[in-house]
**Student:** 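Take a look at this one; I'll ask things after.
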Amino acid sequence: MVSITPLISPESGSLELDRSAALSALESMLTIRSFEEAVDGLFARGLMHGTMHLSIGQEASATGICVALKTTDYITSTHRGHGHCIAKGADLTRMMAELLAKQTGYCRGRGGSMHIADTKTRNLGANGIVAGGIPIAVGAALAQKMRNENNVVVSFFGDGATNEGAFHEALNLGAIWDLPVIFVCENNKYGMSNSTELSMRVDKVSDRASAYGIAGVTVDGNDVNEVYQAAVAAVQRARSGKGPTLIECETYRWKGHSKSDKNLYRTKEEIDQWKAKDPIIRFQEIILQNQLVTQTDVDALANQVRETIREAIKDASAAPDSDPAELLSSVYREVYNG
Amino acid sequence: MVSITPLISPESGSLELDRSAALSALESMLTIRSFEEAVDGLFARGLMHGTMHLSIGQEASATGICVALKTTDYITSTHRGHGHCIAKGADLTRMMAELLAKQTGYCRGRGGSMHIADTKTRNLGANGIVAGGIPIAVGAALAQKMRNENNVVVSFFGDGATNEGAFHEALNLGAIWDLPVIFVCENNKYGMSNSTELSMRVDKVSDRASAYGIAGVTVDGNDVNEVYQAAVAAVQRARSGKGPTLIECETYRWKGHSKSDKNLYRTKEEIDQWKAKDPIIRFQEIILQNQLVTQTDVDALANQVRETIREAIKDASAAPDSDPAELLSSVYREVYNG
Amino acid sequence: MANRVITYSEAVREAIAQAMEADSNVFMLGEDIGIYGGAFGVSGDLYHRFGAERIRDTPISELGIVGAAVGAALVGMRPIVEIQFSDFTSQAMDQIVNQAAKIHFMLGGELSVPMVLRAPSGSGTGAAAQHSQSLETWFAHIPGLKVVLPSNPRDAKGLLLAAIDDPNPVIVLEHKLLYKTSGPVPEEPFRTPIGVADLVREGKDLVIVATGVMVSRSIAAADQLKEQGIKATIIDPRTLSPLDMSLINDAIAASGRVMLVQEAPKHVGFMAEVAARIAEGPALYSLLAPVKRICGMDIPIPYAPQLEKAAVPQIEDIIAGAVALMREP
Amino acid sequence: MANRVITYSEAVREAIAQAMEADSNVFMLGEDIGIYGGAFGVSGDLYHRFGAERIRDTPISELGIVGAAVGAALVGMRPIVEIQFSDFTSQAMDQIVNQAAKIHFMLGGELSVPMVLRAPSGSGTGAAAQHSQSLETWFAHIPGLKVVLPSNPRDAKGLLLAAIDDPNPVIVLEHKLLYKTSGPVPEEPFRTPIGVADLVREGKDLVIVATGVMVSRSIAAADQLKEQGIKATIIDPRTLSPLDMSLINDAIAASGRVMLVQEAPKHVGFMAEVAARIAEGPALYSLLAPVKRICGMDIPIPYAPQLEKAAVPQIEDIIAGAVALMREP
Ligand SMILES: Cc1ncc(C[n+]2csc(CCOP(=O)(O)OP(=O)(O)O)c2C)c(N)n1
Ligand SMILES: Cc1ncc(C[n+]2csc(CCOP(=O)(O)OP(=O)(O)O)c2C)c(N)n1
Ligand SMILES: [Mg+2]
Ligand SMILES: [Mg+2]
């Protein structure tokens, strides 16, 4: 059982001025990267099954948002959800076991990459349906409000998802009921092959907030501290009953959409430009420069993360395969006649 | 077979400065009012079946928009669609026959009030599904563009419809493809009992246009000339390939939502305030004042319209009831193996 | 007070009120359920009794509100969604089918969705094709959903209370024509178990299996058939998924003749499943005549009253079907 | 060239290309069908051959694009919508069911909707519950829709060309696992009539009725059964609505034993209708054993390969079913 160090919100209000917060944010991003690189490798070697959507290059948005959350806050995630799941604190061994179709996986091998949820860290689940998690987040936020709980709910989704009716209906409900929900759009410029230029006529996804009368903001999604600042403001607004915010994080996925992508719709130059804006390297440079950490710290952390992932793979691989004999269980939750 | 005089666009650019245009607009509004009052009466006397959504009080939007259209332009309509249908030039006898469940009705008695379409006047149909016609209008507009036809498509819908996912997806498609479609929201302040204050957090429905990067405008929907002007601008934009416009017509329905409405959600004062803004009386006063018409003209027209409606009822009532024996026909259109 | 008589609507409303009184997690959301009292008057005065928070009026956003119910249920609330007409579940199918139905299984049992979705179903009000469908087949086919069709006021209350207790998503399809019908309903909260069929009446000559409004039509038909000397057993499955075949099998063993009556179009409808279960045995061996289905025509529901009547089984059609079945083979 | 062998994907693509060449009203719209070539590579190079106008990439808006297809069809175009996975028809059910299916009837015949909706269906790719459903039952139950499930490359082309010609909305569910399979397909445009079942092979001992990928599994099973001395007739209905029962009835009359094989969950699935038609006669009278259904388990499709396999019928299950059926009663 391994997971990242719980994310630490900086006292200073900036991830770039607080050593332990900076280290925990860096650990989160490195872990996401490492986890997904490992998964990519396992897939290439034929050890993993199905399809996979990697968020390599997008680690700052998952991390920057989750640093601003309490452990009792909820998230809903997407098909590209490993990062959200890890940043919220999920057990890496159970995640890996799920991808390896093991009985000890988060979903007992039934869900795979697109359906991991984690009750403990209040991750209400990745989702194979584009925009499917957004109304669900609104409902969870409604429950917080009705029960006078002080939790917020973050819904992650992509740029492509904002063209779905579910996005529209959900944002409207969140807005009219002043719910403690934060809509986080990870705008990586494409919904599969469809660029935002082709799929919408607004300059920024955050422009869509005005249709619901809620706050909308666009941040550099490869700058974990900028994402964090926006998240803090949104969380505060949500917790104080002032309703939702739409945060757009401009970012990029380095890998193809999924395993079947031939990358015909974008150029090598574009990909390289974005690789030059690697959120991890950028953050490392800043915190090195600000002398919060030394190169030795960074190297040690990177090694530790790699070791953790290796351990997760080892433990997960050793677990029993998921068991067809119990397939009829948990189709329905049992009714208690108590 | 009776219908209104085809709507005449004024040479002057204003319905308030051109006698024949003014008379045709007035005839349209009076006909809609008369038709629906007659329907209301037939219903009250138990001669009509099902339910009915009346647009009494909203005659200016249907009329003002349709005056700006060519006969080859298309419309899609709603559950509250008699006005659109009449303004586009439908046969009143066939409409009445449909409501009376006659074989000679537009739908052979199969559709009733909510499903009247008319190929001849290019009305693609009322719709029992809130927002259901909006994507359909977009598709018809796409066809115009692909075929280099110079027609526009108007989609009518209510304020409540703008909270549906279908609205969102359709407006976005219309926008990105620069389609010759005009989205006309008849904002009568309520979707059934749900007020716009409760159902959305924007001041104006037209504020939603900005989420799609299209033009949005709000007009006094009880001012037929103002509606007309906005329609002309939108039609020109659409026909010249500049894409959609969202026109919001602020108006009010005098009657309940449908036959089962007890009007518990709005006050008598509110209703009375809006009755004082009767679009027909207002327009009559202006054109009388502008000396385009005399009181005698107006009275004659009103009489003629009432006579027309009486005739429609008479002819429709005399028609045979729709026939259960042919129910299995037209479930599928027959395949031609030619 | 077991013989207190109330309407089907009142029974639904009473169940909701009792569940809301007993558990603060229960709440309702839907279009026009507040001050309007519901399109069919079902929520009635609940808004005044429980307030706007718990009797939550929504914009016209079926997908959004079902999704919100799913989300609320995931974190422990007990939402009851009203969809104004069951036809508009079409707007919300993703949340019903891809989310609510699958989450518990798909997440390996990690979370569950104790949500109730109520919707008025069926034809007979002159509202035409988009407001009159009987869509139970869709839901019954989806693993992870439970589907109930209460056919009388007592079951409307008992099944709804059981549905609200159930930790799974339950689709409750109420027939519009039943709302104003009356019957005896116990005042105290009681549960009618989900997954248990009801033996409506016994008769030795044939078995009628019917759902929804077809149950009362079958009762009326059976009354008239009795005068012709034909005695019918009537079974109301009540729950379409999970389906209880035991009563049906036993009754067929006794009489050898079975007629399946539903309002929905015949083709690939729910009663096809009942027929298939019969054809798979054991009931097959007791059949004295082929299974007979009396169903809606395979057409959209038309507007005109005479057409609408012709489109779905009426009492006369059930009688005629039974008489024909008795003459076979 | 009647024996030219191409894949199922290529056959679909060829049908679309030929229809587009013959009629400028035919066009395609869907997600990632352009430069990406389609999620399953079906549209392939069509974008380069016909351009972005007619091979129209859309945003992720299933309801919107099906609605747009309905609108375009109403004014005389012949749209072919690709829904990336058939599961996402859930998003578009309103336009499919409340609009496309009903418009012609509901408007009294005034307008019609000559639209084709193609979608990859079924499990076997490790994509889990929201990307693996077999939802043909839903569509087959809706009057006004035609539903076809091509089970081989030849039918994939012939049925699609017939669907494009058809003046009604036709739902074409293509099985993902079939896309890469090959078979002989005539080069010229040809139509496989909608509503006509296919006699895949003849054998005297039992009848297997199968759809989609279950047809090829049944063929493989039949090959092995033959070695055990059991000879199976295989019938592929191809069209689920309208359903052609004549071949099935004749075959049952000949052998007296029938097994119905589908991938979808058993409960209230399409094969229930076939079983019901049998139970209604005349085939009932020739049955030597109860009807047997071999179907998907009543569970969502799981991710792990061994679970996914267990969830739906495999060749072994079909063989075992046939062997058991031969032993009955
Ligand atoms: C309703 C629905 N439509 C289509 C898909 C297929 N699909 C999966 S991910 C994806 C692209 C999503 O784009 P975006 O929301 O921008 O997220 P990203 O993949 O870029 O992270 C598509 C089209 C789906 N899973 N669900
Ligand atoms: C999808 C759908 N949801 C709900 C309804 C029930 N319904 C019919 S009209 C209506 C109100 C529509 O409001 P609006 O769009 O403002 O139009 P108006 O009636 O005010 O003209 C509702 C809720 C419906 N017909 N379709
Ligand atoms: Mg994206
Ligand atoms: Mg309104």
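Order of the sequence lines fixes the chain letters, A, B, ..., with proteins taken first and strands second; residue numbering starts at 1 for each chain.
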**Student:** Could you look at L240(D) and say if it's the side chain, the backbone, both or neither that has a heavy atom under 4.5 Å from chain C?
**Tutor:**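 Backbone only.
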**Student:** Treating N98(D) as the side-chain partner and D87(C) as the backbone partner, does any N or O pair qualify as donor plus acceptor under 3.5 Å?
**Tutor:**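 At least one qualifying donor-acceptor pair exists.
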**Student:** Answer with side chain, backbone, both or neither: which region of L260(C) has an atom nearer than 4.5 Å to a non-hydrogen atom of chain D?
**Tutor:**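 For L260(C), no heavy atom lies under 4.5 Å from chain D.
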**Student:** Sub-4.5 Å heavy-atom contacts with chain D: which residues of residues 267-276 of chain C show up?
**Tutor:**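 At a heavy-atom separation under 4.5 Å, chain D is reached by H267(C), V268(C), G269(C), F270(C), A272(C), E273(C), A275(C), A276(C).
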**Student:** Give the member of T137(C), T89(C), I96(C), V97(C) that has the highest number of heavy-atom pairs under 4.5 Å with chain D.
**Tutor:**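 Sorted descending by pairs with chain D, the first entry is T137(C).
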**Student:** Are the side chains of Q91(C) and Q91(D) in contact, using a 4.5 Å heavy-atom criterion?
**Tutor:**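 Answer no - side chains too far apart.
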**Student:** Heavy atoms only: give me the nearest H141(D)-P265(C) pair and the separation to one decimal.
**Tutor:**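 It is CE1-O, 3.2 Å.
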**Student:** If I take atom CZ from residue F105(C) and atom CD1 from residue I301(D), how far apart are they, to the nearest 0.5 angstrom?
**Tutor:**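 F105(C) CZ to I301(D) CD1: 8.5 Å, rounded to 0.5 Å.
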**Student:** Please examine the side chains of W138(D) and M93(C), heavy atoms only from C-beta on, and report whether any two atoms are closer than 4.5 Å.
**Tutor:**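 Of all side-chain heavy-atom pairs linking W138(D) with M93(C), at least one is under 4.5 Å.
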**Student:** Could you grab the distance from atom CG of L63(C) to atom CG of L63(D), nearest 0.5 Å is fine?
**Tutor:**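 One finds 9.0 Å between CG of L63(C) and CG of L63(D).
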**Student:** Please tell me if the side chains of I278(C) and V291(D) come closer than 4.5 Å, counting only heavy atoms from C-beta onward.
**Tutor:**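 Side-chain contact under 4.5 Å: no.
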**Student:** Is it the side chain or the backbone of Y303(D) that comes within 4.5 Å of chain C heavy atoms, both, or neither?
**Tutor:**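 Neither part.
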**Student:** Does a side-chain heavy-atom distance below 4.5 Å link R293(D) with R277(C)?
**Tutor:**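 Yes, their side chains come closer than 4.5 Å.
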**Student:** Locate the shortest heavy-atom distance separating G281(C) from P290(D); write the atom from each residue and the value.
**Tutor:**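 Nearest pair, atom of G281(C) first, then P290(D): N-CB, 4.1 Å.
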**Student:** Let me know if E328(D) has heavy atoms under 4.5 Å from chain C in its side chain, its backbone, both or neither.
**Tutor:**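 E328(D) touches chain C through side-chain heavy atoms alone.
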**Student:** Which residues in residues 119-133 of chain C have any heavy atom closer than 4.5 Å to a heavy atom of chain D?
**Tutor:**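 Only A129(C), Q130(C), Q133(C) of residues 119-133 of chain C have a heavy atom under 4.5 Å from chain D.
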**Student:** Contact part of S241(D) toward chain C, heavy-atom cut-off under 4.5 Å: side chain, backbone, both or neither?
**Tutor:**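 Interface part for S241(D): both.
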**Student:** Among I142(C), L135(C), D94(C), which has the most heavy-atom pairs under 4.5 Å with chain D?
**Tutor:**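 Most pairs with chain D among the choices: D94(C).
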